[in-house]
Amino acid sequence: MIKIGLIGKTNTGKTTFFNSATLATADISNYPFTTKQPTIGNANAVTLCVHKELNLQDNPKNSRCIDGWRFIPVELVDLPGLIKGAWEGKGLGNKFLSVAAQSDALLHIVDASGSIDAAGRIAEPGSGDPIADIGDIEEELVMWYLKLLEGNRDKISRAINSGSDMQSAIADVFRGIGVNEEHVKMALQENKLENHKFDELGTQESKDFSWSLRDISKPTLIVANKVDLPSATDNFKRVREEYNDMIIVPSSADAELTLRRAANRGLIRYSPGDERFEIKDQSILTDKQKWALNFIRKDILDEYMRTGIQFAINVAVFKLLRMNTVYPVAEASKLSDKSGNVLPDVYLMKSGSTVEDLAKEIHSELAKGLLYAIDIRDGLRLPINYEIKDRDILSIISARKKK
Ligand SMILES: Nc1nc2c(ncn2[C@@H]2O[C@H](COP(=O)(O)OP(=O)(O)OP(=O)(O)O)[C@@H](O)[C@H]2O)c(=O)[nH]1
Ligand SMILES: [Mg+2]
């Protein structure tokens, strides 16, 4: 399952984001370092289901289908807040940087309203500087990569001296945090270091290399949170200008939490990611609830089109990680599994994945005897090296087993 980590300074709204996306009830407060341990929860990537286009009724198994939208489970990890100096052991967050690094992608949550000071304490809205906050956290991550590199210099040197190439010797040190040889190769190339001697790598070169490696191996999206506060409007624009090489999603985790909890209690009709909600019965709402819902409708949904929570997860999965959705079916004629469930499963496959990759993902036995796949839409036989496209519906034909 895809794992998405929530990182950022303390008090930026990571747990509020997490609770709203997972409907968990982890502690939220305006004290710094409320979250003390990483917490894992289930959220979803949401995409238009293929069943409508095919005019079929589906029976989803590994996912859910609501109003024509497929909800595909992904793992969300809430992490303790970071502060400047975390890589040296300051705050709590440093202990968990390795947990963050095990994620496939990171959502960097920023307080766009400027309601926290440099140390993450709650301050007058507008007084904090989200641009500096983003820089601080980016720096922490890079320093942490650098520390791993510098701390393992001898080990890497020894591996190279006993015949390893530089790429795999470096990759070995970072393997536990999702870095592979290709990432190392790209980071070396980006800094023109591929023909350099490892032992002659200077301090600046190591730092530049660590910066590239962090960037390449851990795709990151900036979530500009707390846009419900007026001081966020200008900051959001500034963040977008300053970090124009990154994707930035405005959000109000607070608003999403209100909407999801209201929907859960049957007060409103709202599906995550929707641009609107419907009040079921005005007469059962208190004045305070009416005011809050009206505010969300006017100041967030009208202004930003969405609360940004579901959108941020979707952008991470489909844009940052470039996942395609594919629907494998065992019975080609019925578009079902062996028990007759129509379009039971949807898999997220990285763009460039082949029929063979999909077969391996489903079952190793299926992959062993793999022959070809049938494209359900046109009956074409697709070779095992066919690159899967988004929304493909495939029946995999194997000498061992059918799916
Ligand atoms: N106005 C506004 N406040 C928010 C929003 N999201 C979170 N907050 C508030 O910001 C404060 C911190 O929220 P948390 O979710 O605990 O922040 P955190 O990043 O998990 O903090 P740590 O666990 O300490 O790192 C709380 O008072 C929240 O109510 C938002 O979208 N809008
Ligand atoms: Mg928290």
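Just so you know, ligand 1 is whichever comes first in the structure, and atom 1 is the first atom listed for that ligand.
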Can you check whether Gly13 has an N/O within less than 3.5 Å of an N/O in ligand 1?
-> yes
Of the protein's non-hydrogen atoms, which lies at the shortest distance from atom 27 (O) of ligand 1, and what is that distance?
-> Asn30 CB, 3.6 Å
Nearest protein heavy atom to atom 30 (C) of ligand 1, by residue and atom, and its distance?
-> Asp254 CB, 3.3 Å
Looking only at distance, does Leu79 have an N or O less than 3.5 Å from an N or O of ligand 1?
-> no
Going by the atom numbers of ligand 1, which of them fall below 4.0 Å from some non-hydrogen atom of Pro32?
-> 24 (O)
What's the shortest distance from atom 19 (O) of ligand 1 to any protein heavy atom, and which residue and atom give it?
-> Lys14 NZ, 2.7 Å
Polar-atom distance check: Gly81 versus ligand 1, any N or O pair below 3.5 Å?
-> yes
Under 3.5 Å: donor-acceptor pair, side chain of Asn44, backbone of Val46 | no
Are there more than 12 heavy atoms of other residues, nucleotides or ligands under 6.0 Å from atom CZ of Arg322?
-> no
Shortest non-hydrogen contact from Asp172 toward Arg175 = OD1-NH2, 2.7 Å
Min N/O separation Ser251 to ligand 1 under 3.5 Å = no
Under 3.5 Å, N or O to N or O, is Ala255 touching ligand 1 that way?
-> no
Of all protein heavy atoms, the one nearest atom 22 (P) of ligand 1 is Thr10 OG1, 3.6 Å
In this structure, atom 11 (C) of ligand 1 is nearest to the protein heavy atom Ser29 O, 3.7 Å
Angle subtended at the Mg ion (ligand 2) by OG1 of Thr35 and OG1 of Thr15, nearest 10° | 90°
Over all atoms of both residues, closest heavy-atom pair of Val50 and Arg377 | CG1-NH2, 3.7 Å
Do NZ/NE/NH1/NH2 and the carboxylate oxygens of Glu138 and Arg214 come within less than 4.0 Å?
-> yes
Taking side chain as C-beta onward, heavy atoms only, is Asp27 less than 4.5 Å from Thr15?
-> no
Nearest-neighbour protein heavy atom for atom 21 (O) of ligand 1, which is reported as residue plus atom name and distance = Asn11 N, 3.0 Å
Indicate yes or no: does Asp337 engage Lys61 in a salt bridge with an N to O separation below 4.0 Å.
-> no
Quick one: does Asp78 get an N or O within less than 3.5 Å of an N or O on ligand 1?
-> no
Report yes or no: does Gly8 have a heavy atom closer than 4.0 Å to ligand 1?
-> no
Side chain, backbone, both or neither: the part of Ser115 lying under 4.0 Å from ligand 1 by heavy atom = neither
Find out whether the Lys NZ or Arg CZ of Arg306 is both under 6.0 angstrom from the six-membered ring centre of Phe311 and within 45° of the ring's axis.
-> yes
Of the listed options (Ile109, Asn19, Thr16), which comes nearest to atom 14 (P) of ligand 1 when hydrogens are ignored and any heavy atom counts?
-> Thr16
List the atom pairs, donor and acceptor, that lie under 3.5 Å between side-chain atoms in residues 247-257 and the rest of the protein, sequence neighbours left out.
unit_1: Ser251; atom_1: OG; unit_2: Asn225; atom_2: OD1; d: 2.9
unit_1: Ser252; atom_1: OG; unit_2: Asp228; atom_2: OD1; d: 2.8
unit_1: Ser252; atom_1: OG; unit_2: Ala255; atom_2: N; d: 3.1
unit_1: Glu256; atom_1: OE1; unit_2: Tyr270; atom_2: OH; d: 2.6
unit_1: Glu256; atom_1: OE1; unit_2: Thr307; atom_2: OG1; d: 2.5
unit_1: Glu256; atom_1: OE2; unit_2: Arg260; atom_2: NE; d: 2.5
unit_1: Glu256; atom_1: OE2; unit_2: Arg260; atom_2: NH2; d: 3.0

Would you call Thr35 and Phe18 a side-chain contact if the rule is heavy atoms closer than 4.5 Å?
-> no
Taking the side chain from Asp117 and the backbone from Arg121, do they hold a donor-acceptor pair closer than 3.5 Å?
-> yes
For atom 29 (O) of ligand 1, grab the closest protein heavy atom and report residue, atom and distance to one decimal in Å.
-> Ile28 CG2, 3.9 Å
Counting only N and O atoms by type, is there a donor-acceptor contact under 3.5 Å from the side chain of Thr10 to the main-chain atoms of Phe33?
-> yes
What protein heavy atom sits nearest atom 10 (O) of ligand 1, and how far away is it?
-> Lys226 NZ, 3.2 Å
Heavy-atom side-chain contact between Phe209 and Ile170 under 4.5 Å | yes
Ligand 1 to Phe33, heavy atom cutoff 4.0 Å, flagged ligand atoms 24 (O)
Below 3.5 angstrom, do we get any N/O pair linking Asn225 and ligand 1?
-> yes
